[in-house]
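Only a predicted model underlies this, so the values are computations on that prediction, with no experimental measurement involved.
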Amino acid sequence: MFFDLGINVSSASNMHGCLLMAKKLGYSTIAVNHHTSITERGLEVPEIREFAAQNHVDPCIYFTESVNPKIVEYPNIINRLTVTVNSLTKITTLKNDSLDKFDLLAARPMNNKCFEYCCRDAAIDMIDLDLTQKLPVRLGFHDINVAISRGVSFSVSYGDAMISMDEKMMFLSQLSSLITFTRGRNIIFCSGADAPRLIRDHTSLRNLLDVVGLPFTKARRCFTSNCLIALENAVNRRSVGGAVSITQAK
């Protein structure tokens, strides 16, 4: 099973196109990624946009010959929330019960203190890192090892790296650093796509990860078993106590 745990919500037609492309490329499960931040008023929880398993879609969407233009079948769809956090005084709102409607909860820390908290204490499933820009946080072995021991994954999106050569070079450089600090563990590779052209198949992703020295077995885990483990840990987090976590074998 192949997973893409980060397709971004945009226009309805783009989302339909992304879902069709994901299905065509062999993805069995995708996560629709909703974004929000913690403001002075607190955490603003977005509404979940529903996409039925089978849909009549707009005729303007591009179809291949193998796709019926009237009724299409989507991959299994789950919902992810990514929260940008830049203050420790507000980060405790991530324990809000209203977030339980999302299958996955990710945090994007914008400074070192928030990154440390996300690694050590935050009740989250993933730490989201934008590797196409200079990271606002300092990666460290201790914090990352603590996060991995807690079952927290590191989510990176390759879609924006496909737009320009400068962003691609920055992405590959910082991805190489992340692989060094994690030793290839608990990395989740997402498209971050808001358009179908940004989604790549699993062979292309393995080749991309091979460029930065991640072995075949660990590269495949980034969009297969690592994703499944993150989903299982998310179920445990939402359960009473949330004390059990599943970690990947070395």
Enquirer: Please enumerate all residues that pass salt bridge (Lys or Arg N to Asp or Glu O under 4.0 Å) together with Arg120, with sequence neighbours excluded.
Expert: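 Counting only residues at least two positions away or on another chain, Arg120 forms a salt bridge (Lys or Arg N to Asp or Glu O under 4.0 Å) with Asp143.
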Enquirer: So do Ser176 and Leu214 actually touch side chain to side chain, heavy atoms under 4.5 Å?
Expert: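 No, side chains not in contact.
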Enquirer: Is there side-chain contact between Lys101 and Glu47, with at least one heavy-atom pair below 4.5 Å?
Expert: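 Heavy-atom side-chain distance check passes, below 4.5 Å.
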Enquirer: How far apart are the C-alpha atoms of Leu228 and Thr224, what are their side-chain angles, what is the distance that settles it, and do they pass the side chain to side chain contact (heavy atoms under 4.5 Å, CB included) test?
Expert: CA-CA 7 Å; Leu228 189 58; Thr224 55; over 6 Å; no
Enquirer: Does the Thr182 side chain pair with the main chain of Gly184, one donor and one acceptor, at a distance under 3.5 Å?
Expert: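 Side chain of Thr182 to backbone of Gly184, a donor-acceptor pair under 3.5 Å: yes, one is there.
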Enquirer: Which distance, rounded to the nearest 0.5 Å, do you find between the CD1 of Ile148 and the SG of Cys119?
Expert: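 It comes to 9.0 Å.
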Enquirer: Should His34 and Val32 be marked as a side chain to side chain contact (heavy atoms under 4.5 Å, CB included) after you check the CA-CA gap, both sets of side-chain angles, and the distance that decides it?
Expert: CA-CA 7 Å; His34 303 71; Val32 177; 3.7 Å; yes
Enquirer: Tyr27: what forms a ring-ring contact (aromatic ring centres under 6.0 Å, His included) with it, not counting sequence neighbours?
Expert: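 For Tyr27 there are no ring-ring contact (aromatic ring centres under 6.0 Å, His included) partners, ignoring immediate neighbours.
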Enquirer: If I compare all heavy atoms of Arg80 with all of Ala31, which pair ends up nearest, and what's the gap?
Expert: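 Looks like CB-CB, 4.1 Å.
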Enquirer: From Leu20 CG over to His16 NE2, what is the distance, rounded to the nearest 0.5 angstrom?
Expert: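 Answer for the CG-NE2 pair, Leu20 versus His16, is 8.5 Å.
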Enquirer: Under the side-chain hydrogen bond (donor to acceptor under 3.5 Å, both in side chains) rule, what do Thr132 and Asp130 come out as? Steps first, then yes or no, please.
Expert: CA-CA 6 Å; Thr132 63; Asp130 181 5; 2.6 Å; yes
Enquirer: If we ignore hydrogens and angles and just use 3.5 Å, is the side chain of Asn145 paired with the main-chain N or O of Phe141 as donor and acceptor?
Expert: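 Confirmed, Asn145 side chain pairs with Phe141 backbone.
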Enquirer: With heavy-atom distances below 4.5 Å as the criterion, would you say the side chains of Cys190 and Ser157 are in contact?
Expert: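 Yes, their side chains come closer than 4.5 Å.
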Enquirer: Which residues pass the salt bridge (Lys or Arg N to Asp or Glu O under 4.0 Å) test with Asp125, sequence neighbours left out?
Expert: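 Residues passing salt bridge (Lys or Arg N to Asp or Glu O under 4.0 Å) with Asp125: Arg237.
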Enquirer: Kindly determine whether Ser204 and Asn207 satisfy side-chain hydrogen bond (donor to acceptor under 3.5 Å, both in side chains), including the steps that lead there.
Expert: CA-CA 5 Å; Ser204 299; Asn207 292 338; 5.5 Å; no
Enquirer: Can you check whether Ala195's main-chain N or O pairs, donor with acceptor, with Asn14's side chain at less than 3.5 Å?
Expert: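 No, Asn14 side chain to Ala195 backbone: no donor-acceptor pair under 3.5 Å.
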Enquirer: Please check: side-chain N/O of Gln174 versus main-chain N/O of Leu131, any donor-acceptor pairing under 3.5 Å?
Expert: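 Yes; at least one donor-acceptor contact below 3.5 Å.
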Enquirer: If you measure from CG on Leu5 to OG1 on Thr82, what distance do you get to the nearest 0.5 Å?
Expert: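 Between atom CG of Leu5 and atom OG1 of Thr82 there are 10.5 Å.
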Enquirer: Could you go through the side chain to side chain contact (heavy atoms under 4.5 Å, CB included) check for Arg185 and Arg221 one step at a time?
Expert: CA-CA 9 Å; Arg185 299 169 297 165; Arg221 289 174 183 169; over 6 Å; no
Enquirer: Under 6.0 Å between the ring centres of Tyr158 and Phe171?
Expert: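 For Tyr158 and Phe171, the ring centres are not under 6.0 Å apart.
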Enquirer: Can you tell me if Asn33 and His35 form a side-chain donor-acceptor pair at under 3.5 Å?
Expert: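 Their side chains do contain a donor-acceptor pair, which is all the 3.5 Å distance test asks for.
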Enquirer: Can you pull the salt bridge (charged side-chain N to carboxylate O under 4.0 Å, His left out) pairs that have at least one residue in residues 222-231, sequence neighbours excluded?
Expert: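 Pairs touching residues 222-231 that pass the test: none.
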Enquirer: Say whether, by atom type as modelled, one donor and one acceptor occur between the side chain of Arg150 and the main chain of Ala122 under 3.5 angstrom.
Expert: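 Yes; judged by distance alone, with no hydrogens or angles, the pair exists.
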Enquirer: Going by distance alone, is a donor N or O of one side chain under 3.5 Å from an acceptor N or O of the other, for Ser164 and Asp166?
Expert: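 No, Asp166 and Ser164 have no side-chain donor paired with an acceptor closer than 3.5 Å.
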Enquirer: Using distance only, find each side-chain donor-acceptor pair of residues 103-113 under 3.5 Å and give its atom names and separation, not counting sequence neighbours.
Expert:
from, atom 1, to, atom 2, distance (Å)
Asp103, OD2, Asn79, N, 2.8
Arg108, NE, Asp128, OD2, 2.7
Arg108, NH2, Asp128, OD2, 2.6
Asn111, OD1, Lys113, N, 3.3
Asn111, OD1, Cys114, N, 2.9
Asn111, ND2, Asn86, O, 3.0
Asn112, OD1, Arg138, N, 2.6

Enquirer: Roughly how far, to the nearest 0.5 Å, is the SG atom of Cys18 from the CD1 atom of Ile199?
Expert: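 It comes to 4.5 Å.
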Enquirer: May I ask you to test the Met126-Ile188 pair for a side-chain heavy-atom distance under 4.5 Å?
Expert: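 Touching, per the 4.5 Å side-chain cut-off.
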Enquirer: Would you compute the distance between atom CG of Leu19 and atom CD1 of Ile30 and round it to the nearest 0.5 angstrom?
Expert: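 CD1 of Ile30 is found 4.5 Å from CG of Leu19.
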Enquirer: Are Phe223 and Phe2 packed together at the side-chain level, in the sense that at least one heavy-atom pair is separated by less than 4.5 angstrom?
Expert: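 Result yes, sub-4.5 Å side-chain heavy-atom pair found.
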Enquirer: Any side-chain heavy atom of Val83 within less than 4.5 Å of one from Ser37?
Expert: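 The answer is no; the side chains never approach within 4.5 Å.
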Enquirer: Could you check if a side-chain atom of Ile48 sits within less than 4.5 angstrom of a side-chain atom of Leu81, using non-hydrogen atoms only?
Expert: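 No, side chains not in contact.
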Enquirer: Check ring-ring contact (aromatic ring centres under 6.0 Å, His included) between Phe154 and all other residues, then give those that pass, not counting sequence neighbours.
Expert: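 Partners of Phe154 under the ring-ring contact (aromatic ring centres under 6.0 Å, His included) test: none.
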Enquirer: Can you find a pair of side-chain heavy atoms, one from Phe3 and one from Ile78, that are under 4.5 Å apart?
Expert: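 Answer no - side chains too far apart.
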Enquirer: Just how far is it from atom CZ of Arg197 to atom CG of Asp194, taken to the nearest 0.5 Å?
Expert: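 Those atoms lie 7.5 Å apart.
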Enquirer: Under the side chain to side chain contact (heavy atoms under 4.5 Å, CB included) criterion, do Leu135 and Leu129 qualify, and how do the steps go?
Expert: CA-CA 8 Å; Leu135 287 176; Leu129 300 173; 4.2 Å; yes
Enquirer: Applying side-chain hydrogen bond (donor to acceptor under 3.5 Å, both in side chains) to Ser191 and Asp4, what does each step give before you reach the verdict?
Expert: CA-CA 7 Å; Ser191 67; Asp4 186 342; 2.7 Å; yes
